[in-house]
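First the proteins, then the strands, lettered A, B, ... as listed; each starts at 1.
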Protein chains: 2
Amino acid sequence: MDATVALPRSNPLILRLRYGADLDAGDRAMLADLSRGRRTLEPQQDIVRAGDRAAGVHLVLEGYAFRYKLINDGQRQILGLLLPGDFCDLQSIVLGPSDHYIAALTACTVADIPQERVDALVFRDSRLARALWWATLVDESILREWLASMGQRSADKRIAHLFCELLLRQQLVGAAGERECPLPLTQPMLADILGITTIHVSRILRDLRLAGLIQLKDRRLLVPDVARLRAFCDFDPTYLHLVRMPDLGAAEDVVRIGP
Amino acid sequence: MDATVALPRSNPLILRLRYGADLDAGDRAMLADLSRGRRTLEPQQDIVRAGDRAAGVHLVLEGYAFRYKLINDGQRQILGLLLPGDFCDLQSIVLGPSDHYIAALTACTVADIPQERVDALVFRDSRLARALWWATLVDESILREWLASMGQRSADKRIAHLFCELLLRQQLVGAAGERECPLPLTQPMLADILGITTIHVSRILRDLRLAGLIQLKDRRLLVPDVARLRAFCDFDPTYLHLVRMPDLGAAEDVVRIGP
DNA sequence: CGTGTTTTTGAAAATAGTCAAGGATAGTGG
DNA sequence: CCACTATCCTTGACTATTTTCAAAAACACG
């Protein structure tokens with residue numbers, strides 16, 4: 001990491017919450033302050049284990065993490081991907097012991113935020129509380145879209161939809177270009193996201209490549225024609241709730257998110 | 001709060017929130033007060049439409065409702081079932097326009113709660129805010145379990161798991177016996193919950209019946225041996241978060257929830 | 001350079017979907 | 001009370017999708 005301290009400008013949490021509420025400089029300072037106690041994790045290292053009674057909350061600052069559950073005899077379902085600016089387990093302060101695992105997907109840095117500091121934000125300051133609540137509700141909304149995808153979309157559209165989502169979500173925190181982004185997911189992991197086998201993932205990715213919809217190289221995804229991929233899988237970003245609510249103030253610094 | 005006044009004992013919201021926080025009589029009175037302006041809905045009638053900018057929030061008091069999304073050319077994925085005591089759209093106060101539909105499943109009565117009253121609870125009173133937040137987080141937890149079920153469980157275990165969940169959730173609000181409960185879901189609806197076809201649902205229900213795991217009659221589910229059904233589908237109710245957190249006070253009136 | 005994981009492919013088997021049709025059920029209006 | 005309609009439920013035969021099993025090629029890393 002480079003020597004000149006972490007700038008609020010590039011703080012992924014602040015970037016993420018822009019759509020959740022109209023934060024002033026003081027709010028942003030408080031959020032930036034949450035990112036202080038950072039820690040680096042190896043890929044595959046657990047951040048939260050099912051049953052853990054958390055002493056605090058974790059915030060992803062760099063890299064990817066993911067939620068998962070283990071069903072039956074060790075089958076893994078990945079329940080969500082956590083990008084920079086995403087809280088891992090904000091729910092634990094209210095819900096108690098986690099019902100699922102969270103692990104680093106890539107090498108990543110997370111902030112460990114002590115319980116009291118979160119309590120102070122969530123239960124006392126209503127504007128920041130609202131912003132944080134917004135973030136967890138967007139997570140829930142993504143979960144609903146994944147469930148709908150799993151139930152109703154064919155496997156190829158399911159992958160395409162996931163790629164559209166990841167491209168967009170990474171753009172939001174400045175981690176992606178217009179048409180390409182990091183994609184540190186192996187095929188076994190994609191399989192555990194999509195609920196299909198690794199072998200099937202391989203075949204479908206080949207088909208998408210042959211159809212000219214995507215290119216994969218060096219753990220990066222390139223989408224030659226974003227509009228075409230979106231049309232293919234019927235991608236509608238409404239569920240990411242990136243439109244600021246009118247009564248929350250002027251949207252001075254809203255980022256453009258698409259074509 | 002004295003015993004003569006309106007039914008806090010049978011108020012489904014109060015029953016539901018027992019696990020979310022330790023509410024005193026005043027809290028319970030406020031919650032009971034939310035159930036005042038009630039309205040009756042026909043089956044299939046929409047409560048919330050995707051895109052709606054809600055003027056308030058809806059709470060199910062009697063009957064079932066359900067969330068759903070429409071994908072592509074009208075395929076429906078059911079995203080959750082709402083039982084008495086469940087909020088339909090608490091998220092809308094923070095998230096803005098809904099990204100999905102909510103409709104009555106059976107005839108049901110809902111309370112329409114104006115925005116300001118919810119704001120007053122959610123953003124000012126921290127104990128009730130916590131209880132309400134807990135409820136939305138349990139919803140999210142159920143959603144995660146459904147996603148895991150969809151991705152990793154075979155169709156027969158998926159149905160069995162859903163039945164275990166419904167039996168238990170209805171017991172929590174006093175709507176079910178030890179081994180049986182209402183099941184107002186048609187097979188086409190089950191299909192849209194489970195992401196399989198109606199025909200397949202029919203065949204699997206027959207198999208479960210033949211295996212002696214369930215009985216269906218008059219829109220009711222009877223489970224002859226709950227432990228056996230739970231074992232069959234690996235049902236673990238942890239995800240419903242029915243264990244009161246230790247630091248929230250004594251669990252004087254916690255209900256037993258299974259063997 | 002070897003070792004382990006990831007990716008790819010082929011062929012067989014299992015699971016789930018499609019098409020078609022008949023029976024059951026509930027509600028409607030005569 | 002009965003026909004009439006619509007939806008729901010069930011079954012059979014066929015098809016498509018996805019998994020399983022097996023094996024080899026590509027790649028990453030110490």
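Residues B/E145 and B/H161 have side chains in contact (heavy-atom distance under 4.5 Å, counting atoms from C-beta outward).
The pair A/R67-A/D139 meets the salt-bridge criterion, with a side-chain N (NZ, NE, NH1 or NH2) lying under 4.0 Å from an Asp/Glu carboxylate O. A/R179 and A/D225 are not joined by a salt bridge, as no carboxylate oxygen comes within less than 4.0 angstrom of a charged side-chain nitrogen. We find that B/D112 and B/R39 are joined by a salt bridge, their nearest charged nitrogen and carboxylate oxygen being less than 4.0 Å apart. The pair A/R16-A/D86 counts as a salt bridge, with a side-chain nitrogen and a carboxylate oxygen less than 4.0 angstrom apart.
Checking A/D99 against B/T238 by side-chain atom types alone, no donor-acceptor pair falls below 3.5 Å. B/S98 and B/D89 are not linked by any side-chain donor-acceptor pair at a separation below 3.5 angstrom, with hydrogens and angles left out of the test. Side-chain atoms of B/D46 and B/Y68 form a donor-acceptor pair, as typed in the model, at a separation below 3.5 Å.
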Enumerate the protein-to-nucleotides 6-9 of chain C contacts in which both atoms are nitrogen or oxygen and the separation is below 3.5 Å.
| residue | atom | partner | partner atom | Å |
| --- | --- | --- | --- | --- |
| C/dT7 | OP1 | A/R219 | NH2 | 2.5 |
| C/dT7 | OP2 | A/Q187 | N | 2.5 |
| C/dT8 | OP1 | A/R209 | NH2 | 2.9 |
| C/dT8 | OP2 | A/Q187 | NE2 | 2.6 |
| C/dT8 | OP2 | A/S202 | OG | 3.2 |

Sub-3.5 Å pairs of nitrogen or oxygen atoms, protein against nucleotides 4-6 of chain D:
none

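Taken over five-pair windows at either terminus, the axes of the helix from C/dC1-D/dG30 to C/dG22-D/dC9 are inclined to one another by 50° (rounded to 10 degrees).
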### Query
Which nucleotides of nucleotides 21-29 of chain C have their base under 4.0 Å from a protein heavy atom (B), which only their sugar-phosphate (S), and which neither (-), written as one string 5' to 3'?
---------

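Take B/F232 and apply the ring pair (Phe, Tyr, Trp, His ring centres under 6.0 Å) test, not counting sequence neighbours, and it matches no residue.
At a non-hydrogen distance threshold of 4.0 Å, nothing from residues 157-167 of chain A comes into contact with DNA chain C.
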### Task
Applying side-chain contact (heavy atoms from CB on, under 4.5 Å), run through B/V110 and B/L41 and close with a yes or a no.
CA-CA 8 Å; B/V110 303; B/L41 294 163; 3.9 Å; yes

